[in-house]
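One structure below.
It should be emphasised that the depicted structure is a prediction, and the values quoted were computed from it without experimental measurement. Just so you know, residue 1 is the first one in the sequence shown, and it goes up from there.
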Amino acid sequence: MGKIKLSSLFSSSSNNVASTAEGEAKDIKKSNRRSFSALSASLLGSKDAETNGTSAATSSKSATPSVAPEPASTSEMIILAQKITRETEKLEAYMKEHNLPMPSFDVDCPAEFPKLPDEIAQSRKTIISATKELGLLAHGPRESVRWGIWEFLDTLALAAINHYGIAKLVPLDAPISLADLQAKTPLDPINLARLIRLAITNKIFCEPTPGFIAHTAASKTLAQDDDLQAWVGFNGEDILPASAHVLQALQTHPEATSLTRTGFQFAFNTVDKEPMFVTFGKDPNRAKRMGKAMVSLTGGEGYEPSYFLDVKKGGYDFSDVDREGGTLVDVGGSHGFMCVALADKYKNMKFVVQDLQKTVDSAPKPISPDPQVAGRITLLAHDFFTEQVTRGADVYFFRWIMHNYSTPYAVQILRNLIPALKPGARIVINDHCLFEGSGLEEDPWDEKVMRRMDVVMLSLLNAQERTESEFRELFAQAGEGQVGGEFVFKGVTRPEGCRMSIIEAVWQLKGQQPQATTVVEVKEDETAADAVAPPADEIKAE
Ligand SMILES: C[S@@+](CC[C@H](N)C(=O)[O-])C[C@H]1O[C@@H](n2cnc3c(N)ncnc32)[C@H](O)[C@@H]1O
């Protein structure tokens, strides 16, 4: 199967939804954040959740299962338990057949699953989501709410363990007494023991005999993986305090669009002073931790750049641009790793990686050991809150950019492209794209990750993940008032197995079909460091 066209998954009522939503959007033009989710949820109805690994039994009474329905007398718990057994047997059979180590909490268990074929990967996802659902049912409504709210305490314990480097202090091959471990940390014995014992309830460390701590697979992985430590540190010490202050931020500034009035600023006393990225820019250790955390995230399952490249599985096909020797601009492209991967695959295209001066300066030089690749990639300092300087390119690419900004900022970023756009220029966004409503079409585990990411974006940046309608609306707002041209929204696709979607629009002259020309004028070269406007700490978009 190739690309999944998200809009094609909707029933015929989706057209009504889109037009109703557009109508609604016009009515609320003053509103900065537009969500069509509630509207869509009621109109769209539920899809066949079973095909996506969702529990049809618990997701929606009206879902149409693709397999024969279970007898009416079978409880939801039994349906889930049977599903868990069925999918676990499939996973186990595959692991046995391929001589792979069985998952275990044992210290010697590998840190992650090997790459699994699609069907077995789906079994694994189903096990993850169905066990969660079964657990919730077994808790019952009141108890699941009562104790669900305490999940932040698990985060706190892990954050503290990570902060004091405790995983690295526990020997890999033998238990250590709590007294000996305590001697290596500034924590007192009671606090050390209580934090570790809470972590143990999540299979992070174990206590084989009372008072002696040893590694499990998870604690050993934490001890050995620097990027994972950074991920836990960034989440535990930046995101956790920021999210704890979101309510305060929302009560004070309910519009929640400014980069300097987020939970992050309330947590770190920088309200109305500076956005998070500026705070990090002043603290190299914190900035480095966030950078490494991003490496951990983007190298993780479902986010690898290879998804974008693999055309057979729904990645983006640039062969036509390549044939013409066209140019792609990676806006906010960091150190250019996506362009290196693309240049490796497409041998004629040219690439411009744009980022802030500091990031450009710290990029590896040469950008690739292969001169054929490096020779076609230009690094350019450019602030995307100023007018685009690379004019006439074929593609403007934004990966993990739009979700960092609330609508006024995201619209400004798109508007800044307009003076540079030739007819037919493509704007390709690589970001999460949420399903409308409560995501019944989404794999439940992916839905959980994306919804959590959405709230992380709120906590740090007053930003958001978006649905297809919301992306469409971004382009509509960015094109408003333009006389000559317009953004034509092409839609959303999603590579198989990937959490990120590909959202595309084309710039075309009003009333004309897109033309494909490939004249590229790069106005500045990589040595033009002084051509960069100072980074816009805060734009005046509201
Ligand atoms: C979340 S990262 C995404 C990086 C890369 N596109 C990727 O896929 O990993 C956001 C990037 O935007 C850059 N950035 C932030 N503000 C910027 C601005 N005003 N102009 C240009 N780049 C900016 C950051 O330096 C960072 O590299």
Side-chain angles (χ1 to χ4, degrees), residues 1 4 9 46-140 144 148 200-204 206 215-221 300-304 307 310 313-314 439-450 494-499:
M1 207 180 93
I4 305 168
L9 288 173
S46 59
K47 297 290 149 215
D48 180 359
E50 188 77 25
T51 52
N52 279 318
T54 316
S55 162
T58 53
S59 295
S60 166
K61 296 288 177 202
S62 60
T64 315
S66 62
V67 293
E70 302 285 343
S73 59
T74 309
S75 72
E76 289 187 355
M77 287 204 302
I78 291 295
I79 293 172
L80 283 165
Q82 286 170 343
K83 180 187 279 191
I84 292 164
T85 306
R86 206 167 49 234
E87 300 304 326
T88 309
E89 280 170 356
K90 271 196 227 164
L91 178 60
E92 190 192 56
Y94 177 86
M95 306 288 279
K96 275 190 182 149
E97 195 188 327
H98 293 83
N99 276 327
L100 297 168
M102 285 299 156
S104 107
F105 300 116
D106 190 83
V107 68
D108 293 325
C109 179
E112 58 201 356
F113 273 82
K115 188 92 186 135
L116 299 169
D118 291 349
E119 191 201 351
I120 305 300
Q122 186 54 60
S123 294
R124 188 176 153 233
K125 279 184 164 183
T126 303
I127 296 165
I128 293 171
S129 51
T131 46
K132 168 86 183 168
E133 286 185 31
L134 185 56
L136 289 172
L137 284 179
H139 270 93
S144 61
I200 286 174
T201 65
N202 285 319
K203 304 291 183 194
I204 300 168
C206 59
H215 273 298
T216 56
S219 59
K220 179 183 160 192
T221 305
E301 291 176 23
Y303 292 114
E304 297 94 326
Y307 286 110
D310 188 348
K313 290 196 155 191
L440 295 182
E441 300 88 347
E442 187 63 82
D443 172 87
W445 173 240
D446 290 338
E447 175 75 0
K448 180 78 151 181
V449 172
M450 290 194 241
R494 178 152 155 204
E496 274 173 43
C498 186
R499 269 195 212 108

E92: partners by salt bridge (Lys or Arg N to Asp or Glu O under 4.0 Å), with sequence neighbours left out: K96
Which heavy atom in C206 sits nearest to a heavy atom in H215, and how many Å separate them? SG-O, 3.9 Å
Within a strict 4.5 Å, meaning less than it, do heavy atoms of the F113 and I120 side chains meet? no
Using every non-hydrogen atom in the two residues, find where G497 and Y307 come nearest and quote the distance to one decimal. O-OH, 3.3 Å
Taking E112 for its side chain and P110 for its backbone only, find out whether a donor-acceptor pair lies under 3.5 Å. no
NZ/NE/NH1/NH2 to OD/OE distance under 4.0 Å, E442 and R494: yes
Kindly compute the distance separating NZ (K125) from CG (D118), expressed to the nearest 0.5 Å. 9.5 Å
Non-neighbouring partners of S123 that pass side chain to side chain contact (heavy atoms under 4.5 Å, CB included), sequence neighbours left out: E87, K90
How far does OG1 of T85 sit from CD1 of I78, to the nearest 0.5 angstrom? 9.0 Å
Can you give me the closest heavy-atom contact between G314 and P495, atom names plus distance? O-CG, 3.6 Å
Would you please name every residue forming a ring-ring contact (aromatic ring centres under 6.0 Å, His included) with Y94, sequence neighbours left out? H98
Are the side chains of M95 and P103 in touch, meaning some heavy atoms are under 4.5 Å apart? yes
Residues two or more places apart in sequence or in another chain: which of them pass side chain to side chain donor-acceptor pair (under 3.5 Å) with K220? none
Does H139 have any ring-ring contact (aromatic ring centres under 6.0 Å, His included) partners at least two apart in sequence or in another chain, and if so, which? none
Checking N202 side chain against I204 main chain: does a donor-acceptor pair fall under 3.5 Å? no
With a 4.5 Å cut-off on side-chain heavy atoms, are L134 and K83 touching? no
Gap separating the CG atom of L136 from the OG1 atom of T131, nearest 0.5 angstrom: 10.0 Å
From M102 atom CE to L91 atom CG, the distance as rounded to the nearest 0.5 Å: 7.5 Å
Decide yes or no for I128 and K132: does some side-chain heavy atom of the first lie under 4.5 Å from some side-chain heavy atom of the second? no
Under the side chain to side chain donor-acceptor pair (under 3.5 Å) test, which residues partner D106, sequence neighbours left out? none
Please step through side-chain contact (heavy atoms from CB on, under 4.5 Å) for the pair T126 and R86, ending with a clear verdict. CA-CA 10 Å; T126 303; R86 206 167 49 234; over 6 Å; no
Which heavy atom in K203 sits nearest to a heavy atom in T216, and how many Å separate them? O-OG1, 2.8 Å
Identify the two heavy atoms, one from L116 and one from A121, that lie closest to each other, and give their separation to 0.1 Å. CB-N, 4.0 Å
Smallest heavy-atom separation, R499 atom then Y303 atom, equals NH1-CE1, 3.0 Å
